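Some notes on the structure that comes next.
Just so it is clear, the values below take in all heavy atoms, side chains as well, and ignore hydrogens, waters and symmetry mates. Note that the coordinates shown come from a computational prediction; the quantities given were computed from them, not determined experimentally.
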Amino acid sequence: MKPDLRMKLLTFGLVGLLAACGSQTAQSPETSQDAQTLSETALGDLSLTGAMLSDASAASMSLQSVQIGSLEANAQSWGLPRRVTLILKALGHYIPNAASGSCTISKEGDLTDADDDGVPMNATITFTCSATGPEGATYDTEGSLTLKDTNDAQAQSGYSVEFKGFKTRVSSDANHSVTRTLEGTYTLDRQTSTYQILKKYTYTIERKNFSNTTTSSLVFDVSKTYTPDPSALDAGKPFSAGTIVVDKANPGSAVWTRDNNNRTLQWYTDPNLHWNRAVCQAPERILNFDSGAKEYVYTNPAGQQSTLRIAFSGCGDFQVTFNGQPVAK
């Protein structure tokens with residue numbers, strides 16, 4: 001196995017894709033490990049938001065990497081909805097070409113996409129897949145996702161994705177793997193001039209390193225507001241730029257589980273997250289935020305607080321800190 005691939009599997013698998021930066025200053029082994037596992041899961045949730053807000057129109061996706069063997073080209077060979085390609089990309093995943101014979105990917109329902117938003121009217125995609133991908137890693141995919149367009153005649157109407165046992169695994173060998181599992185629903189629901197983001201899903205990461213297996217999951221049941229920038233509304237492209245708000249005075253909550261230990265976290269934006277696909281979009285970047293921060297706060301029974309903060313300072317540039325100290329990639 002190549003050393004660089006092992007390092008990718010043992011550190012943040014998504015961070016390279018998301019263009020993160022940071023260095024490690026650990027207060028103790030326990031807090032360092034907690035911060036690393038929580039931050040990886042929190043970044044996974046943010047990357048899924050990036051996939052939901054990204055441009056999945058035919059024109060935009062044609063500008064993505066479609067070289068032979070790329071995720072985008074292979075997804076096209078299967079005729080997958082373009083939004084599915086973005087979700088796979090947000091997970092740092094890969095599927096083979098339809099001619100490979102190493103996968104079964106079924107599509108059921110109405111795949112019509114009249115408004116060109118990359119979301120079908122109502123279709124379920126089911127994966128049973130195992131293939132060798134970039135750098136010789138094995139990529140396994142299983143489970144299903146169902147995409148429903150709120151109004152297929154209006155690209156700005158919003159949509160939902162439901163995950164059922166949707167699991168991706170990247171393995172460098174029998175002793176090293178990273179598995180990501182999504183279960184539940186994620187919805188963009190248009191109001192009048194804003195959108196309600198409804199998250200009722202669980203994001204789980206299992207990391208195996210020889211006999212040591214760690215699991216981290218975040219359970220979300222929350223609503224937050226996405227407000228398009230006035231310029232985005234005027235251009236008829238509400239998802240090109242806008243602000244995500246979760247008020248500190250009325251924070252969201254999530255249950256974080258690490259290796260059977262449950263903790264209830266409060267989380268909010270401070271300052272509010274600004275999404276700027278219009279300026280920041282690049283083929284290899286999924287997190288097109290350019291400012292703002294998201295904080296997760298845990299208060300222990302003694303009243304002591306620990307804070308994980310993900311702060312953006314430019315297109316796709318962010319730093320993760322735990323109690324004010326940088327967390328490693």
Go through the side-chain N and O atoms of [X] and [Y] and say whether any donor and acceptor fall under 3.5 Å apart.
X      : Y      : value
Gln266 : Ser253 : no
Glu295 : Tyr268 : yes
Thr243 : Asn272 : no
Thr146 : Thr124 : yes
Thr138 : Ser171 : no
Asp110 : Thr112 : yes
Trp256 : Thr41  : no
Thr204 : Thr202 : no
Thr307 : Asn323 : no

**Message:** Counting neighbours of NZ on Lys148 that are heavy atoms of other residues, nucleotides or ligands and sit closer than 6.0 Å, is the number greater than 12?
**Reply:** no
Between [X] and [Y], does at least one N-O distance fall below 4.0 Å, as a salt bridge requires?
X      : Y      : value
Glu72  : Lys89  : yes
Glu183 : Lys200 : no
Asp270 : Lys294 : no
Arg258 : Asp34  : yes
Asp173 : Lys208 : no

**Message:** Applying salt bridge (Lys or Arg N to Asp or Glu O under 4.0 Å) to Arg83 and Asp117, what does each step give before you reach the verdict?
**Reply:** CA-CA 8 Å; Arg83 189 67 59 183; Asp117 61 356; 5.8 Å; no
**Asked** Hey, what do you get for CD1 (Ile310) to OG (Ser39), rounding to the nearest 0.5 Å?
**Response**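 Going from CD1 on Ile310 over to OG on Ser39, the span is 7.0 Å.
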**Message:** Centroid separation under 6.0 Å, is that true for the rings of His93 and Tyr139?
**Reply:**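 Yes; His93 has its ring centre under 6.0 Å from that of Tyr139.
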**Output field: ring centroids Tyr186/Phe163 closer than 6.0 Å** = no
**Message:** Here's a test for you: under side chain to side chain donor-acceptor pair (under 3.5 Å), which of Asp221, Asp45, Thr187 qualifies with Lys199?
**Reply:**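 So, applying the side chain to side chain donor-acceptor pair (under 3.5 Å) to Lys199 and each of Asp221, Asp45, Thr187, only Asp45 qualifies.
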**Request:** For residues Gly292 and Leu273, report the shortest heavy-atom separation together with the two atoms involved.
**Result:** C-CD2, 3.8 Å
**Message:** Which heavy atom of Asp149 sits nearest to which heavy atom of Tyr159, and what is that distance?
**Reply:** CA-CB, 4.0 Å
Look only at the side chain of [X] and the backbone of [Y], and say whether a donor-acceptor pair between them is shorter than 3.5 Å.
X      : Y      : value
Thr269 : Val246 : yes
Ser57  : Ser60  : yes
Asn300 : Gln304 : yes
Gln191 : Asp189 : yes
Lys107 : Trp78  : yes

**Name of the residue among Phe289, Phe312, Tyr226 meeting ring-ring contact (aromatic ring centres under 6.0 Å, His included) with Trp275** =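 Considering Phe289, Phe312, Tyr226, a ring-ring contact (aromatic ring centres under 6.0 Å, His included) with Trp275 is found only for Phe289.
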**Message:** Under the ring-ring contact (aromatic ring centres under 6.0 Å, His included) test against Phe166, which residue among Phe127, Tyr203, Tyr201 passes?
**Reply:** Phe127
**Request:** Identify the residue among Ser130, Cys103, Ser77 that makes a side-chain contact (heavy atoms from CB on, under 4.5 Å) with Pro96.
**Result:**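 So the option named by the test is Cys103.
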**Message:** Quick check on the hydrophobic clustering: are Ile105 and Ile87 connected, directly or via other members, by side-chain heavy-atom contacts under 4.5 Å?
**Reply:**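 Hydrophobic grouping puts Ile105 with Ile87.
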**Item:** For Val219, the rest of its hydrophobic cluster, which grows through side-chain links under 4.5 angstrom
**Value:** Val255
